[in-house]
Enquirer: 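Supplied in structure tokens, the structure appears directly below.
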Amino acid sequence: MIVAGVVAVLLALLGAALASALGDDDDGGTDARTGERTGEQSADPQPDPDPDAEGAGDPSQEATEDAGGETQDPDGTATDDGSNDEGSAPDDEDGGPPGTEPETDPDVSLPETPAGYAQISDDRFHFRMSLPRGWERTRIAGQNSGGVYSAADGGPPTVQVDFNSSPGDDAEAAWRELEPSTARNSDDYELIGIEEIEWRGYPTVADWEFERTVDGERVRVLNRGFRVDDEHGYAIMITCPVDEWDGDACATLRETAFETFEPWD
């Protein structure tokens with residue numbers, strides 16, 4: 001109950017900060033999450049660092065916020081369970097662990113999709129991506145700013161994608177503005193780094209990496225916020241347990257998410 005309360009307060013603070021730093025989202029702002037359980041928004045560039053939500057908003061917890069216009073809930077403060085057909089991936093027919101095979105799956109339309117992964121299309125948050133087979137949107141992040149995807153148990157690991165229709169023009173600055181709030185509201189927060197990067201030729205992109213403790217588990221978060229154009233800003237927030245971060249499954253999850261992500265109208 002305490003965690004949920006902290007997350008709710010954090011989300012409100014993050015939403016307000018993101019709105020002023022990066023511009024309001026038509027759906028109520030973007031959520032840049034930083035953890036797995038929180039819903040963060042994407043950085044179009046609009047970060048939404050939420051210390052207890054998943055997503056690439058405030059990458060601090062489980063929310064993802066995108067450093068260019070995100071709105072995510074870092075510690076799992078999603079507003080619903082996201083249990084609908086839209087944006088979900090089919091179950092693995094073989095029942096095996098997803099995301100551990102490097103071979104490209106010839107039966108999917110997105111490139112660089114490994115065996116054990118399936119394509120999802122999320123019309124609500126305007127993107128396509130390949131994620132482990134059987135994952136689905138388990139909750140909504142922040143102020144309806146993004147979706148958190150995971151196995152049925154809610155993760156971690158998780159991937160949060162936030163969308164902002166009015167992204168700002170400086171993803172790194174957006175993340176740096178959100179970072180102090182995420183630090184204050186995350187348990188045992190430890191910043192790894194915030195840096196501007198070049199990616200796909202997008203006008204502004206920034207990665208925010210940190211660690212924190214969520215529900216007693218130490219997790220690491222990578223929250224990438226970016227602006228695609230004047231009407232499309234995202235944050236992709238990936239959260240894995242710290243001791244699994246460098247393992248094959250989490251490395252494949254990160255690589256596949258970034259390789260297969262496509263804006264989607």
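Not measured: the values here are computed from a predicted model. One-based numbering along the sequence shown.
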Enquirer: Side chains of Arg218 and Asp188: does their closest heavy-atom pair fall under 4.5 Å?
Expert: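 Arg218 vs Asp188: side chains touch.
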
Enquirer: Go through the structure and list residues passing side-chain hydrogen bond (donor to acceptor under 3.5 Å, both in side chains) with Trp264, not counting sequence neighbours.
Expert: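 Listed in chain order: Asp123.
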
Enquirer: Checking Asp243 now: which residues fulfil side-chain hydrogen bond (donor to acceptor under 3.5 Å, both in side chains) with it, not counting sequence neighbours?
Expert: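 Asp243 satisfies side-chain hydrogen bond (donor to acceptor under 3.5 Å, both in side chains) with no residue once adjacent residues are dropped.
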
Enquirer: Checking Met129 against Val159 for the side chain to side chain contact (heavy atoms under 4.5 Å, CB included) test, could you report, in this order, the C-alpha distance in whole Å, the side-chain angles of both residues, the deciding distance, and whether it holds?
Expert: CA-CA 10 Å; Met129 177 186 287; Val159 173; 4.1 Å; yes

Enquirer: Taking the six-membered ring of Tyr202 (Phe, Tyr or Trp), confirm whether the NZ or CZ of Arg227 is under 6.0 Å from its centre and within 45° of its axis.
Expert: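 Output no; distance or angle outside limits.
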
Enquirer: I'd like to know if the side chain of Thr239 reaches the main chain of Val221, judged simply by a donor and an acceptor atom lying under 3.5 Å from each other, with no hydrogens or angles considered.
Expert: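 The answer is no, because no donor-acceptor pair under 3.5 Å joins these two groups.
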
Enquirer: Can you find a pair of side-chain heavy atoms, one from Cys240 and one from Arg220, that are under 4.5 Å apart?
Expert: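 They are not in contact (no side-chain heavy atoms under 4.5 Å apart), so the answer is no.
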
Enquirer: Under 4.5 Å between side-chain heavy atoms, counting indirect links through other Ile/Leu/Val/Met/Phe/Trp/Tyr residues: same cluster for Val205 and Ile192 or not?
Expert: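 Different clusters: Val205 never reaches Ile192 through Ile, Leu, Val, Met, Phe, Trp or Tyr contacts under 4.5 Å.
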
Enquirer: Can a cation-pi geometry be assigned to Arg224 and Trp199, taking NZ or CZ under 6.0 Å from the six-membered ring centre and within 45° of the ring axis?
Expert: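 Pair Arg224/Trp199 counts as cation-pi.
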
Enquirer: Is any side-chain heavy atom of Asp207 closer than 4.5 Å to a side-chain heavy atom of Leu222?
Expert: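 Yes, side chains in contact.
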
Enquirer: Any chain of hydrophobic side-chain contacts (each under 4.5 Å) joining Leu253 to Val242?
Expert: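 No, Leu253 does not connect to Val242 through the hydrophobic network.
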
Enquirer: Measure the CD-CD distance between Glu190 and Glu209 for me, rounded to the nearest 0.5 Å.
Expert: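 Reported value, rounded in 0.5 Å steps: 12.0 Å.
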
Enquirer: Is the backbone N or O of Ser130 less than 3.5 Å from a side-chain atom of Thr260, with the two atoms forming a donor-acceptor pair by type?
Expert: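 It does hold such a pair.
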
Enquirer: For residues 253-265, which residue pairs pass the salt bridge (Lys or Arg N to Asp or Glu O under 4.0 Å) check, not counting sequence neighbours?
Expert: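 Qualifying pairs, neighbours excluded: Arg128-Glu262.
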
Enquirer: Could you tell me if Ser150 and Thr138 have a donor-acceptor pair between their side chains, going purely by distance under 3.5 Å?
Expert: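 Side-chain D/A pair, Thr138 to Ser150: present.
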
Enquirer: Relative to the ring of Phe261, is the ring of Phe127 parallel (under 30°), tilted (30 to 60°) or perpendicular (over 60°)?
Expert: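 Correct class here is parallel.
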
Enquirer: Report the relative orientation of the aromatic rings in Phe163 and His126; use parallel for angles under 30°, tilted for 30 to 60°, perpendicular for over 60°.
Expert: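 Rings of Phe163 and His126: tilted, 30 to 60°.
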
Enquirer: Without swapping roles, check the side chain of Arg176 against the backbone of Glu195 for a donor-acceptor pair under 3.5 Å.
Expert: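 No, the answer is negative, given that no donor and acceptor are paired below the 3.5 Å cut-off.
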
Enquirer: Does some side-chain heavy atom of Tyr149 sit less than 4.5 Å from a side-chain heavy atom of Ile120?
Expert: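 Of all side-chain heavy-atom pairs linking Tyr149 with Ile120, at least one is under 4.5 Å.
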
